[in-house]
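Please read the structure below before turning to the comments.
All values below were derived from every heavy atom in this structure, side-chain atoms included, with hydrogens, water molecules and symmetry-related copies excluded. All of these numbers come straight from a predicted model, not from anything done at the bench.
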Amino acid sequence: MRFGWRAISGPMLTVAITLLAILLDRSVHIPSPAPLFVCIVALAGALAGFASAMTSAALAVGGAALFFAGHRAVPLHASADLVGLLAVTAFGTAGITGLMRERLLAAFATERQSHATAARLSAALDQVDIGIVLLDTETRAEFINRAFRDYFAVPDDIADGKPPFIALMYHSRDTGAFELPEDELSTFIAQRMEMVRIGDATPINIKLRNGEVLRFVCAALPDGGRMLSYTPVTDLVRHTDAPARADYYRSLRDPQNRKLIRYLRVAE
């Protein structure tokens, strides 16, 4: 048991109540402090755990025995029964509250670990060039990684608001992300929605207006959600491109100009 204010508050309060009850009982008749002892034991268990609660329970039983020993209004055999009943109640309360606190702390620790793991996974998925969207059972986007936001120009305020997948599709249509005629967009969106609804894992190539080609795959998750992946599969080097200039042509086709910057640095 760590000796902090939480650990000693229960035992110290039990001793204080015992002394106060004994002193007051000499001048005025006061009721039994046993119910108050049980409450203190429960408080000690909630604040500091099993050890503090058990210590408070032991002190409460001892304090009750001293109180009833000088309390003339209660016969000796009745005092023994009350002390025994208090012992059962106090130690039982200490055990229950102490174990409940340990389970609660363990649950909090597990939840914190899960959140930390989710944060690390989210950060890792933001580093890959594959667009990833996680949908819940109602096809709302619970997670959208950085690559998808870049491919389809989705602002962070929209992506972080857990939009429905249909809203993402319409956003991409309105921003002109797809390399499709206007009269084919509605059919294209309806087909993608149906694939997501039934969990169709057939790969589909999606051409973007900036020249990128993404391979779209829908994976059904055990909880009924969906994981959507958009893998860049653009043929970056054309057959007519000179092999020696492959890096340069590849950089020109990078919409973010990241590879162009690296190419120019290497060329220097």
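- Nearest heavy-atom pair, P33 versus A21, reported as atom, atom and distance to 0.1 Å: CG-CB, 4.2 Å.
- Looking at residues two or more places apart in sequence or on another chain, you find a ring pair (Phe, Tyr, Trp, His ring centres under 6.0 Å) between Y230 and F148, F152, F216.
- Here the CD1 atom belonging to I96 is positioned 14.0 Å from the CZ atom belonging to F91, to the nearest 0.5 angstrom.
- Here side chain to side chain donor-acceptor pair (under 3.5 Å) pairs that include residues 101-126, with residues two or more places apart or in two chains, are T117-R120.
- Atom CD1 of residue I40 and atom OG of residue S52 lie 11.0 Å apart, to the nearest 0.5 angstrom.
- I130 and V217 are assigned to two separate hydrophobic clusters, defined by single-linkage of ILVMFWY side chains at heavy-atom distances under 4.5 Å.
- By the neighbour-count criterion of 12 heavy atoms within 6.0 Å, atom CE of M100 is sparsely surrounded, having that number or fewer from other residues, nucleotides or ligands.
- Note that CG of L86 is 7.5 Å distant from CZ of F37, once rounded to the nearest 0.5 Å.
- The two residues T18 and G63 come nearest to each other via the heavy atoms CG2-CA, 3.4 Å.
- Linking Ile, Leu, Val, Met, Phe, Trp and Tyr residues whenever their side-chain heavy atoms come within less than 4.5 Å places L185 and I166 in a single cluster.
- M193 and I144 fall within a single hydrophobic cluster, where Ile, Leu, Val, Met, Phe, Trp and Tyr side chains are chained together by heavy-atom contacts under 4.5 Å.
- Taken from CG in L214 to OG in S229, the straight-line distance is 10.0 Å, to the nearest 0.5 Å.
- Of the possible polar contacts, one joining the N145 side chain to the L125 backbone as a donor-acceptor pair under 3.5 Å is found.
- L180 and R209 make their closest contact through O-NH2, 3.9 Å (heavy atoms, listed as atom of the first residue, atom of the second, distance).
- Nearest heavy-atom pair, F188 versus M169, reported as atom, atom and distance to 0.1 Å: CE2-CE, 3.9 Å.
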>> Quick one, D129 with R146, criterion salt bridge (charged side-chain N to carboxylate O under 4.0 Å, His left out). Give me CA distance, side-chain angles, the key distance, then yes/no.
In response: CA-CA 8 Å; D129 62 351; R146 179 56 52 188; over 6 Å; no
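- Under the 4.5 Å side-chain heavy-atom criterion for ILVMFWY residues, no single connected hydrophobic cluster contains both L99 and L47.
- R140 and P164 get closest at one heavy-atom pair: NH1-CG, 3.6 Å.
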>> Run L66 and I22 through side-chain contact (heavy atoms from CB on, under 4.5 Å) and show every step you take.
In response: CA-CA 8 Å; L66 291 176; I22 292 175; 4.0 Å; yes
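- Within the 4.5 Å cutoff, the side chain of V233 has heavy atoms near those of the N205 side chain.
- Distance check: D200 CG to T202 OG1 gives 3.5 Å after rounding to the nearest 0.5 Å.
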> E194 and Q191: side-chain contact (heavy atoms from CB on, under 4.5 Å), yes or no, with the steps?
Replying inline: CA-CA 5 Å; E194 181 63 16; Q191 290 174 346; 5.7 Å; no
>> Set out, in order, the CA-CA distance, both residues' side-chain angles and the distance that settles side-chain contact (heavy atoms from CB on, under 4.5 Å) for L228 and L135, then state yes or no.
In response: CA-CA 8 Å; L228 313 181; L135 305 178; 3.7 Å; yes
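- Taking OG1 of T234 as the reference point, atom CZ of R215 lies at 10.5 Å (rounded to 0.5 Å).
- For T14 (side chain) and L59 (main-chain N/O), no donor-acceptor pair under 3.5 Å exists by modelled atom type.
- Not a single donor-acceptor pair under 3.5 Å links the side chain of R192 to the backbone N or O of A190.
- Atom CE of M195 has more than 12 neighbouring heavy atoms from other residues, nucleotides or ligands inside a 6.0 Å radius.
- Sorted by first and then second residue, the side chain to side chain donor-acceptor pair (under 3.5 Å) pairs involving residues 161-187 (not counting sequence neighbours) form an empty list.
- Enclosure of atom CD in E142 by more than 12 non-hydrogen atoms of other residues, nucleotides or ligands within 6.0 angstrom is indicated.
- Looking at R197 and T139, their side chains never come closer than 4.5 Å, going by heavy atoms from C-beta outward.
- Looking at every heavy atom in both residues, V133 comes nearest to A141 through CG1-CB, 4.0 Å.
- Classification of D160 and R149 as a salt-bridged pair holds, one side-chain N sitting under 4.0 Å from a carboxylate O.
- Put simply, I8 and V41 are part of two different groups of oily side chains (I, L, V, M, F, W, Y) that touch within less than 4.5 Å, one to the next.
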